[in-house]
Amino acid sequence: MSRSDSRMVLWGLIVALLIAVAMFQDVAVALTIAQLCLISALMALGINLQWGYAGLFNAGVMGFAALGGLAATLVSVPPVREAWALGGAGIAAAAIAFIATVAAIVLSNRKMSGWPRVAATLIFAVVGYAIVSHFLAPAILAVESHDAAQTGYLGGLGLPVMWSWPVGGLLAAGAAWLVGRITLGLRADYLAIATLGIAEIIIAVLKNEEWLTRGVKNVTGLSRPVPFEIDLQQEQWFQPLVSLLGGDGITAAAIFVKLAYLVLFALVLAGAYFLAERALHSPWGRMMRAIRDDREAAAAMGKDVSARHLQIFVLGSALIGIAGAMLTTLDGQFTPGAYNPLRFTFLIWVMVIVGGAGSNMGAVLGSFFVWFTWIEAEPLGQWLANAIVAGWPADSLLRIRLLDVAPHLRLVLMGLVLLLVMRFRPAGLIPMRG
Amino acid sequence: MVDGFLNAAVLFANFVLVPGIAYGAQLALGALGITLIFGILRFGNFAHGDLMALGTAVTILVTWWLQAHGVSLGPLPTALLALPIGVAAAVAVALVSDRLVFRYYRVTRATPVTFMIASVGVMFVLNGAVRFIIGVDDQNFADGTRFLITANGFREMTGLAEGLAIRSTQVLTLIVAIVAVAALFWFLQKTVTGKAMRAFSDNENLARLSGIEPGVIVAYAWIIAATLATLAGVLYGLDKSFKPFTYFQLLMPMFAAAIVGGIGQPVGAIVGGFLVAFSEVGLTYAYKKLLAYVVPDSWASDGLIQLIATDYKFSISFVILVLTLLARPTGLFKGKVI
């Protein structure tokens with residue numbers, strides 16, 4: 001079977017699976033799965049850039065996705081003017097003090113050496129910490145105690161939520177630049193441990209800095225790039241669509257909204273895919289692969305390995321940030337407590353490995369199959385457990401237990417899929433070319 | 001004034017020193033397993049936290065079974081009786097995972113990152129398995145005497161205003177950790193297999209040439225790592241409580257301890273464990289009350305004098321980890337950079 005044939009077969013299989021879900025479960029379920037497949041595919045593209053093109057093991061997907069989510073709230077939520085009036089000045093002063101501290105430390109590190117450098121760094125850090133917290137602590141208290149049940153944070157810019165997608169990418173790129181500057185000198189597996197840790201730090205900040213994010217109180221009711229179902233049903237132009245989509249007005253509106261999101265996500269993914277493919281087949285992509293395969297040789301040829309690594313780390317993380325903003329837009333709320341490394345970091349990795357590292361089409365296809373399995377394993381496990389316990393007495397402890405834990409089987413399934421693909425098809429579904 | 005200092009010292013011991021020692025010992029046991037696998041198999045094992053959770057979950061189930069049948073150790077927790085079965089389960093899982101997953105990559109001489117991604121797969125499987133056998137909720141399984149010294153008892157004994165409470169699980173943690181570490185060092189220093197393991201960790205090719213059988217060495221490494229992981233997990237669970245997700249999160253402080261100490265260095269893992277534990281406990285403790293005892297009232301601050309908010313507890317180990325990787329990648333005890 002030729003390469004394009006196998007792609008056609010895999011795409012056909014995906015469409016068939018989604019149609020089967022639409023027929024046997026619900027059209028809405030099939031559309032939701034497809035939406036998240038697209039978002040996951042964008043994250044997987046980002047990881048594939050870093051791992052497949054450059055051999056960088058980024059285990060911090062969760063952190064960059066959460067930064068994208070943060071962008072969605074900071075861009076779309078209207079500003080809380082009273083909170084700004086109460087704490088804005090203090091927070092601005094603290095920010096200036098922080099920047100001054102960092103500048104002083106950087107400058108003293110450049111100009112001095114030996115023990116004066118260490119001493120200066122320590123003094124600047126301690127004094128800076130004192131000044132920053134002097135301004136920040138009362139400002140935070142003022143902001144967080146202002147109408148804590150409703151707001152208790154600074155709010156955002158009140159712009160259309162779609163703006164947050166590029167902003168999320170920029171935010172993640174900025175964080176990635178910082179993180180990359182610090183960690184990219186590390187060996188691949190140390191880099192994984194370090195980025196895993198940094199992602200946890202990002203989540204800790206988002207959970208606890210309530211003045212910025214509302215923390216675990218969550219920001220709900222974000223604005224949407226598509227109309228609300230309720231309004232849609234009143235629209236004149238929508239009426240002919242109802243009869244076309246079938247069912248009553250409510251179902252038709254729900255399906256229409258889901259389709260609208262789907263189209264938006266698909267456009268973003270298609271753009272990212274096109275750019276990633278162009279990059280892969282450009283001289284830049286060849287240089288990246290040369291660095292990945294033998295960094296010493298590439299360095300000897302005059303390639304700036306660390307600058308190229310930083311570049312691709314920033315680019316890949318930006319894609320993850322955009323995807324994170326899209327996910328929060330789709331959810332309509334930002335919930336820092338919901339970020340979990342299994343779901344947001346390691347599942348994306350399974351997608352990339354299953355799809356075939358280094359192949360963009362593989363990353364996209366891998367995302368579809370892995371996300372589909374991840375979602376459908378739950379009802380399947382339930383169904384299986386029900387089938388097993390069908391004849392058992394209702395008060396059997398084992399029966400209750402089995403029904404209780406059936407959903408967790410999907411974790412086992414994911415692990416097995418990853419291990420089996422690595423062992424028996426290490427190049428993945430769509431092996432990389434060249 | 002003397003009373004003030006004594007009270008401050010007791011306060012410090014109660015909230016920083018004693019909890020720090022117990023937590024440090026638990027981290028050290030876990031980090032020893034990580035450092036052994038890192039040293040012998042040459043990869044960071046992401047599944048270590050879940051291996052720990054698995055051994056603990058089995059121990060808890062057996063403990064419940066024993067409790068249901070009226071078995072008890074009196075003042076000691078019943079979990080100690082169940083421990084060997086938990087250890088056996090964890091060892092069995094570790095050996096099976098090596099046979100089914102890691103051996104293949106060893107034979108094909110795969111890169112450390114390949115091992116690491118494979119360990120992510122094992123992590124998924126174990127994570128699901130733990131949830132499968134015990135669920136996702138918090139579980140308490142400690143029984144027996146709760147306190148060796150209660151805060152009130154200490155106050156009556158000494159006449160000080162502050163109390164010092166020492167939980168029996170904290171003492172038990174320290175005793176078990178000392179015994180386990182002593183046994184491990186005796187094994188590594190005195191037995192032929194232990195020496196072979198150290199040789200293998202130092203220079204794999206030379207060790208192979210000297211006739212050391214890699215399969216045996218690797219099997220011992222897994223057995224020791226799984227045993228220590230289960231010990232650490234059960235002690236942590238007795239001291240605090242068992243929750244699968246918390247155990248997954250413990251992976252990070254344990255990695256930090258192993259890397260800070262120096263990969264492949266058992267002493268380093270122990271020192272690293274205590275360093276991480278004391279940083280976490282010491283930096284998140286609010287020193288307001290303590291300072292009130294030793295400085296004049298007029299100096300008193302209205303803040304909590306807490307260096308880092310408690311919510312950032314887990315972040316501290318990451319910062320230590322990253323700083324170590326940047327400033328001294330070999331760690332405190334000159335471990336290897338593979």
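Within every chain, numbering begins at 1; the chains are lettered A, B, ... in the order of the sequence lines, protein sequences first and strands thereafter.
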(message) With a 4.5 angstrom heavy-atom cut-off, is it the side chain or the backbone of Val101(B) that approaches chain A, or both, or neither?
(response) side chain

(message) Contact between Phe346(A) and Asn127(B) at the side-chain level, heavy atoms closer than 4.5 Å - yes or no?
(response) no

(request) Please check if atom CZ in Arg343(A) has more than 12 non-hydrogen atoms from other residues, nucleotides or ligands closer than 6.0 Å. (result) yes

(request) Tell me, for Leu411(A) versus chain B, whether the close heavy atoms (under 4.5 Å) come from the side chain, the backbone, both or neither. (result) both

(message) With a 4.5 angstrom heavy-atom cut-off, is it the side chain or the backbone of Ile353(A) that approaches chain B, or both, or neither?
(response) side chain

(message) Could you measure the distance from the CG atom of Leu342(A) to the CZ atom of Phe245(B)? Nearest 0.5 Å is fine.
(response) 7.0 Å

(request) Side-chain contact test, heavy atoms from C-beta onward, threshold under 4.5 Å: evaluate it for Leu196(A) versus Phe46(B) and give yes or no. (result) yes

(request) Please say whether more than 12 non-hydrogen atoms of neighbouring residues, nucleotides or ligands are located less than 6.0 Å from CZ in Arg103(B). (result) no

(message) Minimum heavy-atom separation for Leu416(A) and Val125(B), please, with both atom names.
(response) N-CG2, 3.9 Å

(request) Looking only at non-hydrogen atoms, find the nearest pair between Arg423(A) and Tyr105(B) and report the distance. (result) N-OH, 3.6 Å

(request) Could you look at Phe248(B) and say if it's the side chain, the backbone, both or neither that has a heavy atom under 4.5 Å from chain A? (result) side chain

(request) Please state whether the side chain, the backbone, both or neither of Ile134(B) comes within less than 4.5 Å of a heavy atom of chain A. (result) backbone

(message) For chain A, which candidate among Ile259(B), Ile316(B), Ile133(B), Leu100(B) shows the most heavy-atom pairs at distances under 4.5 Å?
(response) Ile133(B)

(request) Against chain B, label Pro426(A) side chain, backbone, both or neither, depending on which of its atoms sit under 4.5 Å from a heavy atom there. (result) neither

(message) Please classify the contact of Thr114(B) with chain A as side chain, backbone, both or neither, using a heavy-atom distance under 4.5 Å.
(response) both

(request) Determine the option with the most heavy-atom pairs under 4.5 angstrom with chain A, choosing from Gly121(B), Gly135(B), Ser315(B). (result) Gly121(B)

(message) If I measure from the heavy atoms of chain B, does Ile193(A) come under 4.5 Å with its side chain, its backbone, both, or neither?
(response) both

(request) Using non-hydrogen atoms and a 4.5 Å limit, figure out which bit of Phe132(B) sits close to chain A: side chain, backbone, both or neither. (result) both

(message) Does Lys217(A) have more than 12 heavy atoms from other residues, nucleotides or ligands lying within 6.0 Å of its NZ?
(response) yes

(message) Counting C-beta onward and ignoring hydrogens, is there a side-chain heavy-atom pair between Phe318(B) and Ile198(A) closer than 4.5 Å?
(response) no

(message) Tell me the closest heavy-atom pair linking Leu347(A) and Phe124(B), and the distance in Å.
(response) N-CZ, 3.9 Å

(message) Would you say that Val205(A) contacts Tyr312(B) through its side chain, given a criterion of any heavy-atom pair below 4.5 Å between the two side chains?
(response) yes

(request) Could you check if a side-chain atom of Ile117(B) sits within less than 4.5 angstrom of a side-chain atom of Phe57(A), using non-hydrogen atoms only? (result) yes

(message) Given heavy-atom pairs under 4.5 angstrom as the criterion, report whether the side chain, backbone, both or neither of Val122(B) touches chain A.
(response) both

